[in-house]
Protein chains: 2
Amino acid sequence: MKRPANALSLAVLTLLFEKPMHPYEMSTTLRHRSKEESIRLNYGSLYAVVESLRKKELITAREAVREGNRPERTVYELTAAGATAMHDWLSEMLRDPSPQFTDFEAALSLMGAIPPDEALALLRLRLKALRMASNQYDGLRAHMPEGFPALFLVEGDYAEALRLAEITFVEKLVSDLIHDRLGGMDVWRRIHELRDAGFTGEEANATLLEEYGDVLTWDT
Amino acid sequence: MKRPANALSLAVLTLLFEKPMHPYEMSTTLRHRSKEESIRLNYGSLYAVVESLRKKELITAREAVREGNRPERTVYELTAAGATAMHDWLSEMLRDPSPQFTDFEAALSLMGAIPPDEALALLRLRLKALRMASNQYDGLRAHMPEGFPALFLVEGDYAEALRLAEITFVEKLVSDLIHDRLGGMDVWRRIHELRDAGFTGEEANATLLEEYGDVLTWDT
DNA sequence: CATCGTTTACTCTAGTTAGAGTATTTGACT
DNA sequence: AGTCAAATACTCTAACTAGAGTAAACGATG
């Protein structure tokens with residue numbers, strides 16, 4: 001049984017570990033506990049994920065009850081296999097770091113496709129936004145009611161720790177870009193000069209090979 | 001035109017910004033440049049993404065050539081609209097931080113579903129794995145050929161910065177767990193004692209409300 | 001007491017993604 | 001000269017995901 005790619009699937013199992021529920025209640029519970037911020041939630045995925053767990057017999061439909069004249073609700077509960085699966089998957093996710101493919105890492109790896117000065121300006125704007133988000137989280141944390149369990153803030157604190165690391169990283173990168181301190185910037189700047197002057201990618205590359213040929217070869 | 005959810009889509013545009021290519025060459029180029037580590041790559045997605053870009057007329061099929069007796073290859077090139085889209089999407093991804101939904105953040109937010117001592121043991125194993133990955137990256141960086149442009153290491157350095165922040169965070173969390181310093185740990189431990197003793201989730205919750213009733217209410 | 005927004009509770013569909021499967025060709029090595 | 005792994009170049013399908021759409025009931029307001 002392969003573990004679910006979607007963390008929402010695991011969230012459903014943990015909710016049903018607490019008590020039987022119908023999907024709509026799962027969604028409101030997750031929202032009420034602010035899990036939306038750490039787990040992507042939408043109806044389409046929720047109902048699909050529930051159906052897929054049912055097929056794997058990790059959960060079972062208990063009954064379909066109609067309360068008052070409301071639409072019918074199907075209440076699900078965890079099976080024994082489901083409880084085991086929940087335990088194993090959650091353990092695995094806590095234990096094993098797995099490659100994460102974030103948007104920003106992708107963007108950094110493709111950054112060469114825009115000129116260095118533009119990249120610099122954009123990174124400065126990112127810094128601003130990151131600092132704002134960080135301040136906002138600080139404020140939120142500071143206004144937590146007395147004795148609110150830190151356990152429930154763990155995922156937020158983690159996100160904040162990563163945000164702070166990102167801020168430090170981008171500050172350093174911005175500073176390197178300003179002072180032309182990043183290896184390869186000369187070629188990076190030159191290629192965009194050539195492209196702006198109307199050369200095709202291939203022509204620009206050929207020119208660069210002439211101009212920087214020696215610098216552009218490394219034995220890997 | 002909504003921007004692509006998949007960073008691979010943007011990678012394709014940047015590759016075609018350099019020169020026209022067929023999909024298979026895109027995949028080998030990305031792999032050769034180690035972009036695989038920052039951008040999820042597989043054939044199914046690559047061909048689908050290329051087709052979707054073609055439909056949006058951000059790229060066009062140039063020709064289908066057969067070289068020797070090899071299978072036919074369709075070479076694509078960037079359109080003017082594609083170049084604009086590439087620029088705009090990449091700018092946006094560098095500029096705007098967006099919520100990222102990592103597995104570990106999700107796992108942390110659901111951590112309560114396993115007992116604190118188990119969580120502690122798992123986090124210690126995670127730390128070990130993170131430190132190994134970090135050392136491995138250090139080694140890799142140290143053995144880079146002379147004069148290898150730092151520009152091409154930016155995404156790896158970013159990933160490493162986040163990894164180091166995660167290590168620091170998990171170290172702190174592990175220490176808090178060891179010393180019972182995390183708010184809410186008593187309730188967390190108690191609920192698993194009750195569950196292990198055979199109570200259902202609802203029964204356990206009721207008992208907890210009696211035992212810790214005052215502590216469990218915060219005015220939000 | 002009419003009405004208008006919010007909440008409850010899903011359903012549908014188009015699009016995306018992953019991964020395995022296919023079929024040929026080249027090059028290295030016996 | 002034969003064979004076997006690796007590289008070339010996709011194709012197919014099942015599953016997953018996102019977001020909009022549906023429809024009734026409740027509650028507040030004038």
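The sequence lines fix the lettering, A, B, ..., with proteins before strands; numbering per chain opens at 1.
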### Task
Tell me, please, which residues at least two apart from B:Phe104 pass ring pair (Phe, Tyr, Trp, His ring centres under 6.0 Å).
A:Tyr158
### Query
Got a second to check how far B:Gln100's CD is from A:Leu162's CG, nearest 0.5 Å?
10.5 Å
### Query
Looking at residues at least two apart in the chain, or sitting in another chain, which of them share a ring pair (Phe, Tyr, Trp, His ring centres under 6.0 Å) with A:Tyr137?
none
### Query
For B:Tyr43 and D:dT8, what is the distance between atoms OH and C1' respectively, to the nearest whole Å?
8 Å
### Task
Tell me whether the OP1 or OP2 atom of C:dC10 has a side-chain N or O from A:His22 closer than 4.0 Å.
yes
### Query
If you check the B:Ala48 side chain, which of C:dT17, C:dT16, D:dA18 turns out closest?
C:dT17
### Message
In this structure, how many angstroms lie between the C1' atom of C:dT17 and the CD1 atom of B:Ile39, rounded?
### Response
16 Å
## Note on the structure
Whole-Å distance, A:Arg40 CZ to D:dG19 C1', equals 13 Å
### Query
OP1 or OP2 of D:dT8 less than 4.0 angstrom from a side-chain nitrogen or oxygen of B:Tyr24, does that happen here?
yes
#### Entry: Spacing between A:Met26 atom CE and C:dT8 atom C1', to the nearest angstrom
15 Å
### Task
Could you check how far CZ of A:Arg54 sits from C1' of D:dC16, rounded to whole Å?
17 Å
#### Entry: Nearest-angstrom distance from the residue atom CD of B:Glu51 to C1' of C:dA14
15 Å
### Message
Nearest heavy atom decides the nucleotide; on that basis, is A:Tyr47 or B:Ser45 closer to the 5' end of DNA chain C?
### Response
A:Tyr47
### Query
What residues, two or more places apart in sequence or in another chain, satisfy ring pair (Phe, Tyr, Trp, His ring centres under 6.0 Å) together with A:Phe17?
none
### Task
Not counting sequence neighbours, which residues clear ring pair (Phe, Tyr, Trp, His ring centres under 6.0 Å) with A:Tyr24? List them please.
none
### Summary
Secondary structure of DNA chain C per the Watson-Crick/G-U criterion (both distances under 3.5 Å; [ ] crossing, | other strand, . unpaired) is ||||||||||||||||||||||||||||||
### Task
To the nearest Å, give me how far apart CG (A:Leu46) and P (C:dA9) are.
13 Å
### Distance below 4.0 Å between A:Arg73 side-chain N/O and C:dT8 OP1 or OP2
no
### Query
Side chain of A:Asn6: nearest nucleotide among D:dT17, C:dT17, D:dA18?
D:dT17
### Message
Just N and O in the side chain of A:Asn42: are any of them under 4.0 Å from OP1 or OP2 of D:dA18?
### Response
yes
### Value rounded to 0.5 Å, distance of CG in B:Leu164 from OG1 in A:Thr168
11.5 Å
### Query
Whole Å only: how far is the CG atom of A:Leu8 from the P atom of D:dG19?
14 Å
### Query
In terms of the nearest nucleotide of DNA chain D, which residue is placed more toward the 5' end: B:Gly44 or B:Thr28?
B:Thr28
### Query
Any idea which of C:dA20, D:dC16, D:dT17 is nearest the A:Ser52 side chain?
D:dC16
## Note on the structure
So salt bridge (charged side-chain N to carboxylate O under 4.0 Å, His left out) across residues 81-92 of chain A, not counting sequence neighbours, yields A:Arg3-A:Glu92
